[in-house]
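Presented below is the structure to which this report refers.
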Amino acid sequence: MPDERTRALLWAGGFLIELARDKRLPVDIRRSAVVIARHFPTIEDVSTMAIFRHSSGLGIGLAPPSECPAWSEDLRYGPLRRSTRLSWPEE
């Protein structure tokens, strides 16, 4: 379902932030999270992709984040945004 795909993308982006900031994790895991987050769709990207949802069922098939309110409750640091700045983890 489109709303489930949108929610999964937003949760995954938020999870990358959590991984990158969790100092209990090994530095290589946190660095991987930072690298992946740089190329992962932001909430703004997801919103843009949802605009191109085609009525025939073709296309990406995402719902706008505003139509998926349940995602926000589970993201400790919020969704991944274009303005999100993750620092490079040091040992």
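Index from 1, following the sequence.
- Other residues, nucleotides and ligands contribute more than 12 heavy atoms inside 6.0 Å of the CZ atom of Arg82.
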Problem - Stepwise side chain to side chain contact (heavy atoms under 4.5 Å, CB included) test for Val46 and Met49 - result: CA-CA 5 Å; Val46 172; Met49 289 187 283; 4.2 Å; yes
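- Under a hydrophobic-cluster definition in which Ile, Leu, Val, Met, Phe, Trp and Tyr are linked whenever side-chain heavy atoms come within less than 4.5 Å, directly or via other members, Trp88 and Tyr77 are assigned to the same cluster.
- For the pair Thr6 and Ala63, the tightest heavy-atom approach, listed with the atom from each and the gap, is OG1-O, 2.6 Å.
- Closest heavy-atom contact between Val27 and Pro89: CG2-O, 3.6 Å.
- Scanning all heavy atoms of the two residues, the minimum distance from Phe40 to Gly13 falls at CE2-N, 3.6 Å.
- Pairs passing the side chain to side chain donor-acceptor pair (under 3.5 Å) check and including a residue from residues 30-42, sequence neighbours excluded, read Thr42-Glu44, Thr42-Asp45.
- Closest non-hydrogen pair, Ala33 versus Leu16, comes out as CB-O, 3.7 Å.
- Atom OG of residue Ser47 and atom CG of residue Leu10 lie 8.0 Å apart, to the nearest 0.5 angstrom.
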Practice task
Could you please spell out the steps behind the side chain to side chain contact (heavy atoms under 4.5 Å, CB included) verdict for Leu80 and Ile17?
Solution key: CA-CA 7 Å; Leu80 186 62; Ile17 297 171; 4.0 Å; yes
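- In terms of heavy atoms, Leu75 sits closest to Gly14 at CD2-CA, 3.8 Å.
- For the atom pair Thr84 OG1 and Ile43 CD1, the distance stands at 9.5 Å (nearest 0.5 Å).
- Listed by chain and residue number, nothing satisfies the salt bridge (charged side-chain N to carboxylate O under 4.0 Å, His left out) test with Arg85 (two or more places apart in sequence, or in another chain).
- Note that CZ of Arg21 is 8.0 Å distant from OG of Ser87, once rounded to the nearest 0.5 Å.
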